[in-house]
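Accompanying notes for the structure given below.
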Amino acid sequence: MLRGLMCGAAALAVLASAGLASAQDFSGERISQEIRHISSDDFKGRYPGTEGERMTLAWLQGQYEAIGLEPGGPDGQWLQDVVLKRFTPVEGAASASWTGPDGTVHPLTIGTDILLRSATNDGKADIQNAGLVFAGYGINAPERDWNDYGDVDVTGKIVIVMGGEPTAEGVTDRFNGQYPTAYASGAAKADEAFRRGAVGVISLAMVPATDPNWLRGARFNSRQRTLTPGAADLEFSGAINHDTALALATAAGLDMATMAGIDTGTFTAVELPGVTLSVANEETIDTLVTHNLLAKIPGTTHPDETIIYSAHWDHVGVGADHVSPVSTTEDNIFNGAWDNASGTIGVLEMARQLAQAPRAERTFIFAHMAAEEMGLLGSYGYTADPVYPLETTVADINIDMLPLSGPTRDLAIFGKGQNSLEDDLEVLAEAEGRVVTDDREPDQGYYYRSDHFPFARAGVPALMPWHGVDLDEGGVEVGQPAYTAYFEAHYHKAADEWSADWDMRSAVENLTLLYRLGLQLANSGDWPTWKPTSEFGAVRARSDGARQ
């Protein structure tokens, strides 16, 4: 089908919004040159807490002031503080032991039998003789008819869970097939255990104590960790290997056959009768303060209902430690032109275009998130302490790494099948002769790896567009290898620098569709919804009353 051919419902949707979209005029040249500016060596990789952060946010604020937008942060400010607590284990402070039904105490060797961290709260853990519960994968997913906990009360106890999610034949489709769900993450397992009153979570690695990967994990366990804002406030987390688990199960008199159903949905949590665990640990804490920058265009009739365009401004700084001196002999500046100066400028350019459109009914927020490369921490910080209520946040449209190619027939998105935003986007794309596809890389778990995810986790419908590879000129046969080669050569490498050879036409195509989607949402009373199989629908449903 010819590009630009409009037909059926897609044509009607576009024609209905044509007046509202008439101001749109994205400039590929301007986008390219502004990416060039904030990814130059002067910005030194835009690492949080550095001069690179100050320069980036000052420049963005100046641009928004020139456009005429209002500050969108707390108390009428441009910036939202994101206070990050960083935890480092105190050498020699960790200890652990288990006690069997006969009262015998069995010391555990830290780094061999068990790994411990107390990177929460005050950094101190002191748990004495807590009961143990094995909870399979530690997943409670009502929409998938799956509950590993059953009726077992874990209040005040320590939960042992398997990593990942079920993989048995006939079950994987309940967990989104090849694409992982959020339930596979350690954070989701910790959240579920914490909600149920557990004091700690231990991951079970089904390998012996001599396994090279286990030993490698032990060596890295003392690295500094940054607490995710809003994370489950457990007393401690840890890991044990198969050898330690077998000793605990044997002492409790559990038959390993009891565990056989964990992949089928027939298993429910079991206590380890008579077996308790004691752990102690201490970590030092230091604080890094970084910032989100927010700008807004207030809505006319429903200003309390918000649509967020987000992108992270940060990258990974200079050198292996992020803050090294600039080398005079080699390129050690990680400029992050593609990741994510491109998305940062994409959001800024979106604001320029929407500022020229007739004022919409709902409010637009343009959110530049901090510390994405450290674990989506700026976005988590926002959702833990939102400036605008999440209940009346209509959607988050996140832009991370604009496509750098000629026009494409496809528009890939992360998390296809999650919510109705993709349906709205599909109608708009169809009117341009394009199709919305998944990201083609199920092993990467992309939906959980950028700033839209904390919004999704908090129940806000979130959309993340990605790179099409079905080029108008050359098709997938040319587009896929070109994308793969560029990704492998530049992603998180010092080579990620601006180039005059960049083709911004696909970026302009995608931004134009996201602009139309935003205006459509902003001039509608509709609320995007999660699909029945999404793991985020139940969270959103808790606040349904706020959107009546």
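For reference, positions follow the sequence shown, starting with 1. Being a predicted model, the structure only gives us computed values, none of them experimental.
- Between Asp145 and Arg174 there is a side-chain heavy-atom pair separated by less than 4.5 Å.
- Atom CG of Asp75 sits in a sparse spot, with 12 or fewer heavy atoms from other residues, nucleotides or ligands closer than 6.0 Å.
- Contact annotation: the side chain of Leu84 approaches that of Pro229 to within less than 4.5 Å [non-hydrogen atoms, C-beta and beyond].
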### Task
Evaluate the criterion side-chain contact (heavy atoms from CB on, under 4.5 Å) for residue pair Asn176 and Arg144; output intermediate values, then yes/no.
CA-CA 10 Å; Asn176 215 20; Arg144 287 168 166 80; 4.3 Å; yes

### Task
Kindly indicate, with the supporting measurements, whether the criterion side-chain contact (heavy atoms from CB on, under 4.5 Å) is fulfilled by Leu411 and Asn510.
CA-CA 7 Å; Leu411 196 173; Asn510 284 7; 3.7 Å; yes

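- Within 6.0 Å of CD in Gln33 there are more than 12 heavy atoms belonging to other residues, nucleotides or ligands.
- The CD1 atom of Ile397 sits 8.5 Å away from atom CG of Leu425, with the distance rounded to the nearest 0.5 Å.
- The pair Arg196-Glu192 meets the salt-bridge criterion, since a charged nitrogen lies less than 4.0 angstrom from a carboxylate oxygen.
- Between the CG atom of Leu79 and the CG atom of Leu294 there is a distance of 8.5 Å, given to the nearest 0.5 Å.
- Distance alone, capped at 3.5 Å, is enough to place a donor-acceptor pair between the Asp263 side chain and the Thr167 backbone.
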### Message
Quick one, Phe26 with Gln353, criterion side-chain contact (heavy atoms from CB on, under 4.5 Å). Give me CA distance, side-chain angles, the key distance, then yes/no.
### Response
CA-CA 7 Å; Phe26 287 94; Gln353 302 307 316; 3.6 Å; yes

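- Contact of the Tyr183 side chain with the Tyr137 side chain is not registered, since no non-hydrogen atoms from C-beta on lie closer than 4.5 Å.
- A cation-pi contact, defined as under 6.0 Å to the ring centre and within 45° of the axis, links Arg36 to Trp498.
- Counting heavy atoms from C-beta on, the side chains of Leu390 and Thr383 come closer than 4.5 Å.
- Not one N or O on the side chain of Asn335 forms a donor-acceptor pair closer than 3.5 Å with the backbone of Ala337.
- By the 4.5 Å heavy-atom criterion applied to side chains, Pro48 and Asp314 are counted as neighbours.
- Thr344 places a side-chain N or O within 3.5 Å of a backbone atom of His312 that can act as its donor or acceptor partner.
- The backbone N or O of Ile262 lies less than 3.5 Å from no partner atom in the side chain of Thr266, so there is not a single donor-acceptor pair.
- Taking all atoms of both residues into account, the shortest heavy-atom contact from Arg409 to Asp472 is NH2-O, 3.0 Å.
- Of the possible polar contacts, none joining the Arg540 side chain to the Pro461 backbone as a donor-acceptor pair under 3.5 Å is found.
- Checked for salt-bridge contact, Arg547 and Asp544 meet the test: a charged N lies under 4.0 Å from a carboxylate O.
- Of the residues Ser342, Ser310, Ser450, the one that meets the side chain to side chain donor-acceptor pair (under 3.5 Å) test with Asp400 is Ser450.
- For the atom pair CE of Met350 and CD1 of Ile345, the computed distance is 13.0 Å after rounding to the nearest 0.5 Å.
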### Message
As a quick check of understanding, evaluate side-chain contact (heavy atoms from CB on, under 4.5 Å) for Val394 and Thr306, giving each step before the final call.
### Response
CA-CA 6 Å; Val394 178; Thr306 54; 5.9 Å; no

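- Between Ala546 and Thr392, the closest heavy-atom pair is O-CG2, 3.7 Å.
- Taking CH2 from Trp466 and CD from Glu441, the interatomic distance works out to 8.0 Å, rounded to the nearest 0.5 Å.
- The two atoms that bring Glu349 and Arg352 nearest to each other are OE1-NH1, 2.9 Å, heavy atoms only.
- Because its NZ or CZ atom is not both nearer than 6.0 Å to the ring centre of Phe536 and within 45° of the ring axis, Arg457 does not count as a cation-pi partner of that residue.
- Listed for the Asn523 side chain is a donor-acceptor partner under 3.5 Å among the backbone atoms of Leu519.
- Using a 4.5 Å cut-off on side-chain heavy atoms (C-beta onward), Asp42 and Met55 make contact.
- For the pair Trp313 (side chain) and His291 (backbone), a donor-acceptor distance under 3.5 Å is present.
- The shortest side-chain heavy-atom distance between Glu361 and Glu305 does not fall under the 4.5 Å cut-off.
- We find that Glu422 and Lys531 are joined by a salt bridge, their nearest charged nitrogen and carboxylate oxygen being less than 4.0 Å apart.
- Atom CG in Asp496 sits 5.5 Å away from atom NE2 in His315 (nearest 0.5 Å).
- At least one side-chain heavy atom of Gln480 sits less than 4.5 Å from a side-chain heavy atom of Arg440.
- Distance alone, capped at 3.5 Å, places no donor-acceptor pair between the Gln61 side chain and the Trp78 backbone.
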### Query
What do the steps show when you test Phe43 against Trp59 for ring pair (Phe, Tyr, Trp, His ring centres under 6.0 Å), and what is the final call?
CA-CA 11 Å; Phe43 286 74; Trp59 184 84; 7.5 Å; no

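- Of the charged side-chain nitrogens involved, none lies within less than 4.0 Å of a carboxylate oxygen, so that Glu426 and Arg434 do not count as a salt-bridged pair.
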### Task
Please test Phe487 against His467 for ring pair (Phe, Tyr, Trp, His ring centres under 6.0 Å), starting from the C-alpha separation and ending with a verdict.
CA-CA 11 Å; Phe487 188 93; His467 297 248; 8.3 Å; no

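- Nearest heavy-atom pair across Asp191 and Ala232 is OD1-CB, 3.5 Å.
- Rounded to the nearest 0.5 Å, atoms CZ (Arg516) and CG (Leu511) are 12.0 Å apart.
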### Message
Please determine whether side chain to side chain donor-acceptor pair (under 3.5 Å) holds for the pair Asp339 and His492, giving the CA-CA distance in whole Å, both sets of side-chain angles, and the decisive distance to 0.1 Å.
### Response
CA-CA 8 Å; Asp339 183 15; His492 277 212; 3.1 Å; yes

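- When each of Val316, Leu288, Thr228 is tested with Met374 by the rule side chain to side chain contact (heavy atoms under 4.5 Å, CB included), just one qualifies, namely Leu288.
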### Task
Please test Tyr486 against Trp338 for ring pair (Phe, Tyr, Trp, His ring centres under 6.0 Å), starting from the C-alpha separation and ending with a verdict.
CA-CA 10 Å; Tyr486 195 87; Trp338 191 26; 5.1 Å; yes

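- The backbone N or O of Asp451 sits less than 3.5 Å from a side-chain atom of Ser379, completing a donor-acceptor pair.
- Of the possible polar contacts, none joining the Arg46 side chain to the Glu53 backbone as a donor-acceptor pair under 3.5 Å is found.
- In summary, of the residues considered (Tyr446, Tyr448, Phe453), a ring pair (Phe, Tyr, Trp, His ring centres under 6.0 Å) with Phe414 occurs for Tyr446 alone.
- Across all their heavy atoms, Met401 and Asn340 have their closest contact at N-OD1, 2.7 Å.
- Screening Tyr380, Trp530, Tyr447, Tyr382 against Phe455 for a ring pair (Phe, Tyr, Trp, His ring centres under 6.0 Å) leaves a single residue, Tyr382.
- Scanning both residues, Val347 and Tyr309, for their nearest heavy atoms gives CG1-O, 3.9 Å.
- A side chain to side chain contact (heavy atoms under 4.5 Å, CB included) with Leu514 is found for exactly one of Asn398, Leu428, Leu463, namely Leu463.
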